[in-house]
Student: 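What follows is a single structure, and I will ask about it in a moment.
Here is how names work: the chains are called A, B, and so on, in the same order as the sequence lines, proteins then strands, and each is numbered from 1. No experiment lies behind these values; they were computed from the predicted model shown.
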Amino acid sequence: MPAADVLLSWFDRTARDLPWRDPDCSGWGVLVSEIMLQQTPVSRVEPIWREWLARWPVPSALAASSQGEVVRAWGKLGYPRRALRLHEAAGVIAAEHGDVVPADIDTLLGLPGIGAYTARAVAAFAYGQRCPVVDTNVRRVVARAVHGAGDAGPPATTRDMADVAKLLPEQDAVAAKYSAALMELGALVCTARNPQCADCPVYDTCAWQLAGRPAYTGPVKAVQKFAGTDRQVRGRLLDVLRGATGPVTRGQLDAAWSEAGQRDRCLDSLLVDGLVEQTDSGLFALPGEH
DNA sequence: CATACGTGGTC
DNA sequence: TGACCAAGTAT
């Protein structure tokens, strides 16, 4: 993947106009977007992100709301523990960082829900730092364009970041934009299925293309089951609570799933996770909503 | 390192 | 139609 200029100019021409890419978007806006975008498509995140930033423009505002309100506002973005962790992170940012999202990667890594990807994404996209930002898109683009493979193998954070670090342009702001461009390329052109190689700005230098686009030969990726899993049951239970205005009876939750054993196990795990609380009278509610 | 963790769109 | 996929993190 040589010729950073080609990718950068392609990004200038075709990048989506996403609200968290506005130069005036705060670090908080960027952080909220990155958390929401973890395993969740842009199209589903954008409207919720707008609601959140309008309602909670700074971390302290979110921290002042109850966990239940936050989980409710998370809606059906999925993986609702993210909402709880973001709420907790907002409290730390408000209390210990002057209500400003930290720019230091190690400080960011210390916050709940922020891992190797998100910490660097915030450092790069909110603060213009030069650091490798490696998500699934970037891993796939590098696997193809640099290594000539059909797809990325299993994640190996240290090696993946070293791969990307070699590609980054020297200047901080340019490197940050380059990372965004790499992600955009993976999201729109160099996609997992049916990549649009004819529209690719780095077609001429892509190692995968030059090798004749060989099929992926690495280990088979585990398929994620959903139907019938605890994840589905937890989702159903939480959906009942989101749809209610206050605490509900165990009987109301019974309607969410027929098999009692699994239902009870999932309800217990939601209580353990803090996504559900039990009232003194034995009812169930979103945290803080009783 | 593998697995659990939501939800909905696409081919 | 059902498998695959979507800007990962925590354990």
Side-chain angles (χ1 to χ4, degrees), chain A residues 11 15-16 18-21 29-49 71 74-86 88-89 108-126 132-141 151-161 164 176 179-188 190-196 216 219-242 256-257 262 265-266 269-270 272-276:
Chain A
F11 186 66
R16 290 167 293 179
L18 302 172
W20 45 86
R21 286 180 175 165
V30 172
L31 175 59
V32 172
S33 78
E34 293 300 341
I35 300 292
M36 289 183 171
L37 287 163
Q38 291 168 3
Q39 300 287 283
T40 306
V42 167
S43 60
R44 289 171 54 204
V45 164
E46 188 167 349
I48 306 294
W49 182 91
V71 169
W74 191 258
K76 307 199 81 167
L77 285 183
Y79 294 145
R81 292 185 299 185
R82 290 183 292 169
L84 242 34
R85 294 187 181 123
L86 182 52
E88 186 185 350
L108 287 162
L109 286 169
L111 296 171
I114 298 185
Y117 163 76
T118 303
R120 289 170 180 80
V122 169
F125 304 146
V133 181
V134 183
D135 75 334
T136 186
N137 289 308
V138 172
R139 281 169 26 73
R140 184 174 56 252
V141 170
D151 200 353
T157 307
T158 305
R159 178 171 51 69
D160 294 340
M161 288 204 296
V164 174
S179 285
L182 228 37
M183 290 174 60
E184 192 80 342
L185 187 67
L188 300 182
C190 193
T191 50
R193 286 177 297 189
N194 305 318
Q196 307 298 303
Y216 173 70
V220 176
K221 292 161 188 172
V223 292
Q224 277 239 59
K225 289 294 179 193
F226 181 64
T229 63
D230 285 3
R231 281 209 319 294
Q232 180 179 28
V233 178
R234 286 166 54 105
R236 290 270 193 94
L237 290 168
L238 219 46
D239 203 36
V240 171
L241 290 168
R242 277 193 304 260
W257 196 255
Q262 186 178 21
R265 172 158 47 83
C266 290
S269 76
L270 287 169
V272 168
D273 287 348
L275 283 163
V276 176

Student: Over all heavy atoms of both residues, which pair between A/Val30 and A/Trp20 is shortest? Give the atoms and the distance, please.
Tutor: CG2-O, 4.0 Å
Student: First contact, last contact: which nucleotides of DNA chain C are these for chain A, 5' to 3', heavy-atom distance under 4.0 Å?
Tutor: C/dA3 to C/dA10
Student: For A/Ala227, answer base if it contacts any base atom (sugar-phosphate contacts may also be present), sugar-phosphate if it contacts only those atoms, and nothing otherwise; contact means non-hydrogen atoms under 4.0 Å.
Tutor: nothing
Student: Using heavy atoms to find the nearest nucleotide of DNA chain C for A/Val42 and A/Pro112 separately, return the residue whose nucleotide is more 5′.
Tutor: A/Val42
Student: Identify whether any heavy atom of A/Ser33 sits under 4.0 Å from a base atom; if not, whether one sits that close to sugar-phosphate; answer base, sugar-phosphate or nothing.
Tutor: nothing
Student: Whole-Å distance between B/dC1 C1' and A/Lys221 NZ?
Tutor: 16 Å
Student: As an exercise, state the distance from CZ of A/Arg234 to CG of A/Asp239, rounded to the nearest 0.5 Å.
Tutor: 14.0 Å
Student: With rounding to whole Å, what would you report as the distance between C/dA10 and B/dG8 at their C1' atoms?
Tutor: 24 Å
Student: Regarding A/Arg120, tell me which of base, sugar-phosphate or nothing describes its non-hydrogen contacts under 4.0 Å with the strands shown.
Tutor: nothing
Student: A/Ala176: what forms a side-chain contact (heavy atoms from CB on, under 4.5 Å) with it, not counting sequence neighbours?
Tutor: A/Ala124
Student: Just to be sure I understand the rule, does A/Thr191 reach a base, reach only the sugar-phosphate, or reach nothing, if contact means heavy atoms closer than 4.0 Å?
Tutor: nothing
Student: Between CE of A/Met183 and OG1 of A/Thr136, what distance do you get to the nearest 0.5 Å?
Tutor: 10.0 Å
Student: By nearest nucleotide on DNA chain C, pick out whichever of A/Gly186 and A/Leu111 is the more 5' one.
Tutor: A/Gly186
Student: Determine the interatomic distance between P on B/dA4 and the same-named atom on C/dA7; round to the nearest Å.
Tutor: 22 Å
Student: Identify the two heavy atoms, one from A/Pro19 and one from A/Glu46, that lie closest to each other, and give their separation to 0.1 Å.
Tutor: CD-OE2, 3.5 Å
Student: Mind checking if A/Trp74 touches a base, just sugar-phosphate, or nothing, with heavy atoms under 4.0 Å?
Tutor: nothing
Student: Reading nucleotides 3-11 of chain B from the 5' end, what letters show protein touch, with B for base, S for backbone sugar-phosphate only, - for no heavy atom under 4.0 Å?
Tutor: --BBBSB--
Student: Scan A/Ala192 against the nucleic acid and name what it touches under 4.0 Å (heavy atoms): base, sugar-phosphate only, or nothing.
Tutor: sugar-phosphate
Student: Rounding to an integer number of angstrom, what distance separates B/dG6 and C/dT11 when you compare their P atoms?
Tutor: 14 Å
Student: Between A/Glu184 and A/Arg21, is the closest basic N to carboxylate O distance under 4.0 Å?
Tutor: yes
Student: Is it the case that the side chains of A/Gln39 and A/Arg82 hold a donor-acceptor pair, with the cut-off being a distance below 3.5 Å and no angle test?
Tutor: no
Student: Can you check the distance between C/dC4 and B/dT3, where both ends of the measurement are the P atom (answer in whole Å)?
Tutor: 15 Å
Student: Within this structure, what is the CZ-OG distance for the pair A/Arg231 and A/Ser269, rounded to the nearest 0.5 Å?
Tutor: 12.0 Å
Student: Just do the side chain to side chain donor-acceptor pair (under 3.5 Å) check on A/Tyr117 and A/Glu34 with the steps written out, would you?
Tutor: CA-CA 9 Å; A/Tyr117 163 76; A/Glu34 293 300 341; 2.6 Å; yes
